[in-house]
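First up is the structure itself, then whatever we jot down about it.
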Amino acid sequence: MHVPRTTSAIGSLTLLSMSLATIWHPAHAQSGDHNASPEIETVVVTAQKRSQSIKEVPVAITVINAAALERAGVKDISDLAKTAASLEFGDQATGGAGGSASIRGVGTSVFTLSAESSVGVVIDGVPQGATASGLMLDMARVEVLRGPQGTLFGKNASAGVLNMATQQPIIGDRSASVQVEYKGNHGEAVRTTGNVPLNDISALRISALAERNDGVYHNVHTGKDSETTNAGARLRYLLQPNRDVTINVIGEASNTRSENAVFFAPAVAYSSNTAGNHNALAEFAACGVTVSKTNNQVCSDGAELNRSQVRGLSGQIDWSLASGATLTSITAYRKRDMGPNDTTIDMSEGYDKVRNHDPYQNYKQFSQELRIASPAKQTLEYVGGLFYADSSNQKSSTTTIYPNPVLPSPPVPRSIATDNVQAAKLTSKALFGQATYHVTDASAVIAGLRYTRDSVSAQYTQSSVVSFDGFSVPATVKSSSGDASQSNVSGKVGLQHTLSRDVNLYTTLSRGYKGPQIDNDTPINQAAAAGSFQGYTVKPEIPTSVELGSKLSFLNRRLDVDMAVFHTKIKDFQEQNCTLTSVGSLSCIPLNVPNVVTKGFEADVRARPLPELQLGMSMAVILDTAYPAGFIFDNNNVGGQRLLYSPRNKVTFNGDYSWELPGDYQLKLGGDLVYKSRVRYCNSLALECGFGGHSIASLRLALRSPDDKWGIELYGRNLADKRVPNAIIYPLPGKGAGSGFAYSLGENSFRRIGVSLDYRM
């Protein structure tokens, strides 16, 4: 395997390790009093479907525990990008059914209802699919598993997995906490948890939140800011009737509502589009919007309302057998209902308005996993099981375009209304297993296989009505449907060797799999007349990855350094090509990219040089992730261009220092710094389709009471107010080809100063 230009990165990491060693407290080194400078906390993960120390697991992992999530201000799943260098997120609102996460520069952002993500999201053992809520509520930890994880986590893990665990109930403990956050003029939040012991064998844990975020966009037409409200609750029930049986039942619900939240804000507007029928710059200026790359203003005279509800229920039973093995069953049902939603896509007054109304967009998923895991610390350790999932997705939408009313009608329409009704059904069955055989006390062989059988079907009906002054043309109705079934065998082999308690080395070869999709858009768009057509099959995505890694500890476990080099080749990478149709609406076609390669170097550092000081770093150097030579997107040859949301270099730093004050109060000062090189956000060769290299800095100052009952924290995030977009779209919707570019913005795109107070009972 050849991974160029990582030598300098390894050298930089070595220099960092030496620098950390030099600032160690001399007294501690001389006295040997290690209790004065405690070891780094042992991190336990479930990356291999069993509880293990992160140092023992032959997988590249970034772990963010509950304390780190709180310090970094992680409130939404996309906030995790601040904590893991290899993890990126696109726009959550427009990510499509396939999600918007990417790991090592690879992800899926596809609108097709039959699409699935390249990055799996698993919470408490339940794959979320298209039903993930995005809210981070009462989390215990997040494990970012990098590289194909399909052997144990299934087909929607071809790039990696976000394996999350919520806080579980504690039997015999009665406690509660409440946190209030004030964000100045930009909103507030309340989060609360409670642990209730029911008896000697059971307990409840209740967690809830209510949050309001204001001011991401400002509509100069109405004078109102965008407002998003989130509310959610989770109830966990734990029952341990005896030492061999544990039962967990989890129910959750969340609601999200956004008002005045427009599609995008114009960032670049030209005085003339390609056709010469729009002066986007003047049109925005006429309604009070000064277009710039820091602009968050729009001038919308349309409805802006988006709603979403998520509901989930799962039950897990763990049964310790007489042999010492553990039998686990996880049954889950989840649904996500969106709408009715209204979006003004054109972002301005005037003509060629594009208005979108979605009566409903619903996702339902049932899943069942049954597995058995051997006892730990055996010569042969194994986990194996069965998995079944059934999903149904439905969507209805109406897009209406209002052309220039000044021009004569006919030939110019007064409106073009297109109704779309889509449905998809996905079924997956799998048999999986992975074993580790310890050849010696120091060396082990790893082998795993997964057999998957997929079925997918999708239907799409489109009805278009063109209305002129005084009459309408009869509706043009087109429909398309398709189905596909696919069997696949994926797996993993590897070697692991422990040189000492502080040095663990591994190498793995993994083959992943992501199931096929149905493309009904292409036959409908290609059809010149009404009729029924056969949908096309988008082929499965098949990654093959080689990884070399090490888990190292130095200075009596006060410095942990985990490193990995990787090379992944993806056959038939699933992408989409989004273009504007002749009437100005957005058309996104799923497709396969024949071959994509991603390779590079990663490192995670956890350090505690002083009892009062904690440091962390995550670094990724991601090479290639390029489209093959001659590949065409929207009439542009993007061969050699990086995939979207794929920075070449990214580094995250975090640090916290604490002081003991008189009266046993504790003062903590912390901060985060994220550096990211240039990122492409849309498939045009124009420089405006990317955002240049930048750094985002945040600071926090907290005071804790002597008994840790209460605390107050002042924070500042994105201190330099970098207007980093979540996505970029071109051209400006409703303004025609060659009109400019628009930014999708989020709360993290702005400076935020706030204060939070918490109280524990």
Side-chain angles (χ1 to χ4, degrees), residues 96-98 108-118 129-130 155-156 158 358 360-364 389-399 416-429 452-466 473-488 513-542 571-583 585-595 631-635:
T108 300
S109 183
V110 177
F111 299 150
T112 309
L113 286 189
S114 57
E116 294 184 283
S117 177
S118 295
K155 61 177 181 175
N156 62 339
S158 56
D358 296 339
Y360 61 85
Q361 185 169 347
N362 302 331
Y363 303 91
K364 298 178 181 178
D390 184 85
S391 302
S392 62
N393 306 330
Q394 296 179 321
K395 179 181 180 181
S396 174
S397 65
T398 299
T399 300
I416 305 168
T418 303
D419 295 328
N420 300 302
V421 178
Q422 303 176 60
K425 185 175 178 61
L426 299 86
T427 302
S428 182
K429 305 170 186 177
T452 303
R453 178 65 177 175
D454 279 344
S455 297
V456 56
S457 62
Q459 300 81 40
Y460 184 6
T461 299
Q462 182 185 91
S463 176
S464 297
V465 176
V466 180
V473 176
T476 301
V477 179
K478 304 176 185 178
S479 65
S480 178
S481 62
D483 59 80
S485 295
Q486 183 79 34
S487 295
N488 176 266
Y513 162 76
K514 182 153 76 80
Q517 304 172 29
I518 303 300
D519 171 18
N520 287 317
D521 298 77
T522 297
I524 285 180
N525 291 345
Q526 290 176 342
S532 297
F533 309 95
Q534 179 64 40
Y536 302 147
T537 299
V538 180
K539 291 182 287 188
E541 178 178 297
I542 308 293
K571 180 183 177 182
D572 294 323
F573 175 64
Q574 294 179 354
E575 251 278 24
Q576 72 176 3
N577 185 18
C578 291
T579 60
L580 284 180
T581 67
S582 58
V583 295
S585 62
L586 191 65
S587 173
C588 294
I589 306 299
L591 49 81
N592 290 116
V593 180
N595 287 291
F631 197 78
I632 304 298
F633 260 121
D634 194 14
N635 299 317

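Separating the CD1 atom in Ile589 from the CD1 atom in Ile524 is a distance of 9.5 Å, to the nearest 0.5 Å. In this structure, Thr112 OG1 and Gln422 CD are separated by 8.0 Å, a value rounded to the nearest 0.5 Å. The distance from the CG atom of Leu426 to the OH atom of Tyr363 is 11.0 Å, given to the nearest 0.5 Å. From Gln574, atom CD reaches atom NZ of Lys514 across 3.5 Å, with rounding to the nearest 0.5 Å. Interatomic distance, Ser158 OG to Glu541 CD, rounded to the nearest 0.5 Å: 4.0 Å. To the nearest 0.5 Å, the span separating OH on Tyr460 from CG on Asp519 amounts to 10.5 Å.
What you find for Gln534 and Ser481 is that their closest heavy atoms are NE2-O, 3.3 Å. The shortest heavy-atom contact between Pro523 and Gly535 is CG-CA, 4.1 Å. Closest non-hydrogen pair, Ala530 versus Val477, comes out as CB-O, 3.1 Å. When all heavy atoms are compared, the tightest approach of Thr452 to Ser428 is CG2-OG, 3.8 Å.
Sorted by first and then second residue, the pairs that involve residues 454-463 and meet salt bridge (charged side-chain N to carboxylate O under 4.0 Å, His left out), not counting sequence neighbours, are Lys155-Asp454.
Crowding of Lys425 atom NZ: a count of heavy atoms from other residues, nucleotides or ligands under 6.0 Å exceeding 12.
In terms of the side chain to side chain donor-acceptor pair (under 3.5 Å) criterion, residue partners of Ser532 (sequence neighbours excluded) are, by chain and number, Ser479. For Thr427, the side chain to side chain donor-acceptor pair (under 3.5 Å) criterion is met by Asp390, not counting sequence neighbours. The side-chain contact (heavy atoms from CB on, under 4.5 Å) search around Ser464 returns Thr418, Gln462, not counting sequence neighbours. Considering only residues two or more places apart in sequence or on other chains, Ser392 meets the side-chain contact (heavy atoms from CB on, under 4.5 Å) condition with Lys364. Residues that satisfy the side-chain contact (heavy atoms from CB on, under 4.5 Å) test with Val466, not counting sequence neighbours, are Pro413, Ile416, Phe468. Checked against salt bridge (charged side-chain N to carboxylate O under 4.0 Å, His left out), Asp572 has the following partners two or more places apart in sequence or in another chain: Lys539. A search for side chain to side chain donor-acceptor pair (under 3.5 Å) contacts involving Asp358 returns Asn356, not counting sequence neighbours. Under the rule for a salt bridge (charged side-chain N to carboxylate O under 4.0 Å, His left out), Asp483 has no partner lying at least two apart in sequence or in another chain. Residues meeting the side-chain contact (heavy atoms from CB on, under 4.5 Å) test with Ala527, sequence neighbours left out: Lys478, Phe533. Remark: Ser457 pairs with no residue by the side chain to side chain donor-acceptor pair (under 3.5 Å) rule, at least two apart or across chains.
A donor-acceptor contact shorter than 3.5 Å is absent between the side chain of Gln517 and the backbone of Leu591. At distances below 3.5 Å, not a single donor-acceptor pair connects side-chain atoms of Asn592 with backbone N or O atoms of Val538.
A side chain to side chain contact (heavy atoms under 4.5 Å, CB included) with Val421 is found for exactly one of Ser397, Ser396, Ser463, namely Ser396.
Side chains of Arg453 and Ser485 form a contact here, defined as non-hydrogen atoms less than 4.5 Å apart.
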For a side chain to side chain donor-acceptor pair (under 3.5 Å) check, start with the C-alpha distance between Asn156 and Ser117, then their side-chain angles and the critical distance, and finish with the verdict.
CA-CA 5 Å; Asn156 62 339; Ser117 177; over 6 Å; no
